[in-house]
Amino acid sequence: MRLSRMFMPTLREAPSDAEVVSHRLMVRAGMIRKVAAGIYNILPLGLKAHSRVENIVREEMNRACAQEVFLPMVIPSELWRESGRWDLYGKELLRVKDRHNRDFCLGPTHEEVITDLVRGEVRSYRDLPLNLYQIQTKFRDEIRPRFGLMRGREFIMKDAYSFHATEEDAESEYRGMYDTYCRIFERCGLEFRPVEAETGTIGGSFSHEFMVLADTGEDAIATCDVCGYAANVERAEAGISVPAGPALNRDKKDLEMVHTPGLKTVDEVSGHLKIFPDRLIKTLIYSTDRENVVALVRGDHELNEAKLKRMLEAEWVGLADEETVRKVTGGPSGFSGPVGLKARIVADYAVESVSNGVTGANEADMHFINVNPGRDFHVDAVGDLKMVVEGDRCARCEGTLAVARGIEVGHIFKLGTKYSEAMGATFLDERGKKQPLIMGCYGIGIGRVVAATIEQSHDERGIVWPHPLSPFHVYIVPVNVKDDRLFDVAEDIYDGLNAAGLDVLLDDREERAGVKFNDADLIGIPVRITVSNKTLDKGGVEIKKRREGEASMIGIDEVTDKVKEYIDMA
RNA sequence: CGGGGCGUGGCGCAGUCUGGUAGCGCACUAGCAUGGGGUGCUAGUGGUCGGAGGUUCGAAUCCUCUCGCCCCGACCA
């Protein structure tokens, strides 16, 4: 490709709304342009990077015997009503009406469509197993799109769905996809980590996320360096830590009510009473799809709603509104406590070991002190409810958890029969018995892989593409296109590299060398060949690797071999 | 959805408080020079000041409404 013909509008400055480095660099390199919040045009350079990722994904999915299909983006509401998600998915589901006033949605994910397709065709266990995937545009009306392609509303995703006759087959497919995903991200040149994850609105029995490690990541992951346990903090189990000795042995004093005017937060109350926050019992009133519950965590801990939801086996949980708080506790929010409550009370393990603690008194501006679990209030269920933090004990071994940030680029789910049962997708087994299909689903955010790559691989001058994802292999800079001698050599090299099957960008613009060097660094092509009279006089051209600082001289006839050698070894 | 902020040429911004003929840098066009890290000089192109309504002799500037975008929050009682 000749740069003079390429639509690659590079920018010296980034738009002020671009915050993270991948977003800034993608805009500056002319890879993307914004159309609306979370909605982008993808320009040639950006599309080439996307294609590189897609091709790797295709190759590996095909190798794993998955087959590519292409499903519609506009989906009739009936399918979503069948699965129950029309009502459950919430505002992220963009709903539209057609001219007949019928409801449709823009597909944020395709379990319904694929299940509908498969239930119509698959009759027998002989038709199984099946793994179908597509690479397609998804739309999720995100609450707050940001960071360019990292959290867009419209984005390109590879999603695969598998169907099996037995649990064993389904789990073996899940493990197969796990391996396939590892291979995909390794081939992309990413530093990543698979972690145990929450299943969210997709549902299913268990799942793993594939996280690219990056400080700008929106997810936090907890890892144990002793046993290798790794999980999204939304999911991560907390080990039961042994409370400090004196706390256990403290004499139980009499319950007492104290005046705490206007003091609601843990910090305010503990500051006022001059005690550590771990003496407080934080009392959270939750509404769920079936009842209101009281959840207790220690004052210095945070509640993990996903854990609460699982413990309660609820469809959804959410903090209760003021009115509900009053109904449950009899007092205003900010002064809730478990003492005397009739509602169901669940508590984190750590709450049990608080003695002579502090809680709200279910009365405005009042707290109890010297509260003791068991004596002053009952707990219906105890479990792991806290959000893990750096330094917590690992739940699986004696190690300690570290918390790092990551970008979720892939997610695999063992779905089970959630969709097949809801939508009547069944097959006949060997004995002629009707069974629901056992499903799995496996997603990769293509654009996120691109963004995460840049997030992980850049310097102050621009992008530094890992070879497999780079839009071009080589960038040729003739320092002066008006000099025929030099430009002819550049064109010969260009032809030679093209003939060798490489993707080459020839900067034939009438720009100064400095401009070209800066653009070359910005768009991050792995190899740069500079053609100038200075080097031609010494019988060669200059080769510079984007990842390395120093350039070196090579003979003109060596260029193709040297470039191939460098590109292939990555 | 709550709070805050911003909409002025393609991009980055000043001007708004205190109303008086719309400005800077980059980019773009032409010419000359230059030709290894965003070069110099000269001459240019390009703006309904997000939109609608109002106040005023006069509005980018004041008032009302509206649209869009960004940031924070929307879980710690």
Side-chain angles (χ1 to χ4, degrees), chain A residues 9-19 23-24 27-28 30 33-39 90-91 143-148 234 260 262-270 277 280-287 294-309 317-322 324-326 328-329 331-338 348 358-367 385-387 461-462 477-483 486-487 507 509-522 528-536 541-542 544 549 551:
Chain A
T10 57
L11 258 31
R12 206 182 283 213
E13 291 171 280
S16 55
D17 59 11
E19 275 194 292
H23 186 192
R24 298 175 65 83
V27 174
R28 286 226 292 136
R33 285 293 184 266
K34 186 166 74 174
V35 178
I39 300 175
K91 288 187 182 167
I143 203 168
R144 194 140 85 80
R146 56 184 139 180
F147 304 155
E234 292 173 354
T260 50
L263 305 176
K264 295 186 177 191
T265 67
V266 167
D267 282 348
E268 288 165 358
V269 174
S270 59
L280 267 67
I281 297 170
K282 202 144 69 177
T283 306
L284 306 160
I285 315 302
Y286 268 89
S287 295
V294 178
L296 307 178
V297 293
R298 213 169 69 185
D300 56 331
H301 292 164
E302 300 204 347
L303 182 95
N304 181 330
E305 282 190 359
K307 290 181 178 176
L308 179 67
K309 184 175 158 211
V317 300
L319 274 181
D321 54 25
E322 180 73 30
T324 308
V325 171
R326 282 188 181 274
V328 172
T329 70
S333 71
F335 299 95
S336 299
D348 181 65
V358 174
T359 74
N362 300 319
E363 191 176 314
D365 300 332
M366 300 303 285
H367 276 78
L385 288 179
K386 69 168 286 213
M387 187 77 80
R461 308 195 64 84
V477 179
V479 294
N480 182 359
V481 295
K482 284 183 182 164
D483 186 318
L486 170 170
F487 192 64
D507 196 343
R509 296 175 300 173
E510 279 194 32
E511 288 286 356
R512 307 201 113 227
V515 173
K516 299 183 183 186
F517 291 145
N518 277 307
D519 273 345
D521 287 345
L522 175 62
R528 189 183 81 195
I529 304 289
T530 306
V531 185
S532 71
N533 283 317
K534 195 168 82 185
T535 53
L536 285 182
V541 294
E542 181 190 280
K544 180 173 176 299

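Numbers restart at 1 for each chain; the letters A, B, ... are given by sequence-line order, proteins then strands. All figures in this text were calculated on a predicted structure; none of them were measured in a lab.
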Taking atom [atom1] in both [N] and [M], compute the distance separating them and give it to the nearest angstrom.
N     : M     : atom1 : value
B:G25 : B:U45 : P     : 15 Å
B:A14 : B:C26 : C1'   : 15 Å
B:U18 : B:A27 : P     : 38 Å
B:A22 : B:G9  : P     : 15 Å
B:U56 : B:U64 : C1'   : 16 Å
B:C62 : B:G37 : C1'   : 50 Å
B:C6  : B:U16 : P     : 13 Å
B:C24 : B:C67 : P     : 35 Å

Separation of [N] [atom2] from [X] [atom1] (nearest whole Å):
X        : N     : atom1 : atom2 : result
A:Arg512 : B:G36 : CZ    : C1'   : 9 Å
A:Asp519 : B:A27 : CG    : P     : 12 Å
A:Asp17  : B:C71 : CG    : P     : 7 Å
A:Asn518 : B:G37 : CG    : P     : 10 Å
A:Glu511 : B:C28 : CD    : P     : 6 Å
A:Glu510 : B:G36 : CD    : P     : 15 Å
A:Arg144 : B:G3  : CZ    : C1'   : 12 Å
A:His23  : B:C71 : NE2   : C1'   : 14 Å

Tell me the partner of [N], counting only Watson-Crick (N1-N3 plus N6-O4 or O6-N4) or G-U wobble (N1-O2 and O6-N3) with both under 3.5 Å; none if nothing fits.
N     : result
B:U34 : none
B:G2  : B:C72
B:A22 : none
B:A43 : B:U29
B:U16 : none
B:G7  : B:C67

Legend entry - Check: A:Lys516 side chain, A:Pro478 main-chain N or O, donor-acceptor pair, under 3.5 Å: yes

Legend entry - Donor-acceptor pair, side chain of A:Arg24 and main chain of A:Ala18, under 3.5 angstrom: yes

Do [X] and [Y] have side chains that get closer than 4.5 Å, going by heavy atoms?
X        : Y        : result
A:His367 : A:Phe335 : yes
A:Thr283 : A:Val294 : yes
A:Arg528 : A:Asp521 : yes
A:Arg28  : A:Leu522 : yes
A:Val27  : A:Leu11  : yes

Legend entry - Given RNA chain B, 5'-ward residue of the pair A:Val269 and A:Pro145, judged by closest heavy atom: A:Pro145

Legend entry - A:Lys516 vs A:Lys91, nearer the 5' end of RNA chain B by closest nucleotide: A:Lys91

Quick check for you: among [options], whose closest atom lies nearest to any side-chain atom of [X]?
X        : options             : result
A:Tyr286 : B:C75, B:G37, B:A74 : B:C75
A:Glu13  : B:C76, B:G25, B:G36 : B:G25
A:Arg28  : B:C75, B:G38, B:C69 : B:G38
A:Ser532 : B:C76, B:G36, B:A74 : B:G36
A:Lys34  : B:C69, B:G36, B:C75 : B:C69
A:Val266 : B:C76, B:G35, B:G36 : B:C76
A:Glu302 : B:G36, B:C76, B:A27 : B:C76
A:Pro15  : B:G12, B:C75, B:U34 : B:G12
A:Glu19  : B:C71, B:G36, B:C76 : B:C71

What nucleic acid atoms does [X] come within less than 4.0 Å of, heavy atoms only: base, sugar-phosphate, or nothing?
X        : value
A:Thr324 : nothing
A:Leu11  : nothing
A:Ala306 : nothing
A:Arg461 : base
A:Val477 : nothing

Taking atom types as they are modelled, is there a donor-acceptor pair under 3.5 Å from the base of [N] to the side chain of [X]?
X        : N     : answer
A:Arg528 : B:G37 : yes
A:Glu542 : B:G36 : yes
A:Thr530 : B:G36 : no
A:Asp521 : B:G37 : yes

Are any of [X]'s side-chain N or O atoms less than 4.0 Å away from OP1 or OP2 of [N]?
X       : N     : answer
A:Arg12 : B:A27 : yes
A:Arg33 : B:C11 : no
A:Ser16 : B:C13 : yes

Legend entry - Given A:Thr260, A:Val266, A:Val269, the one that forms side-chain contact (heavy atoms from CB on, under 4.5 Å) with A:Val358: A:Val269

Legend entry - Carboxylate-amine/guanidinium proximity below 4.0 Å for A:Lys282 and A:Glu302: no

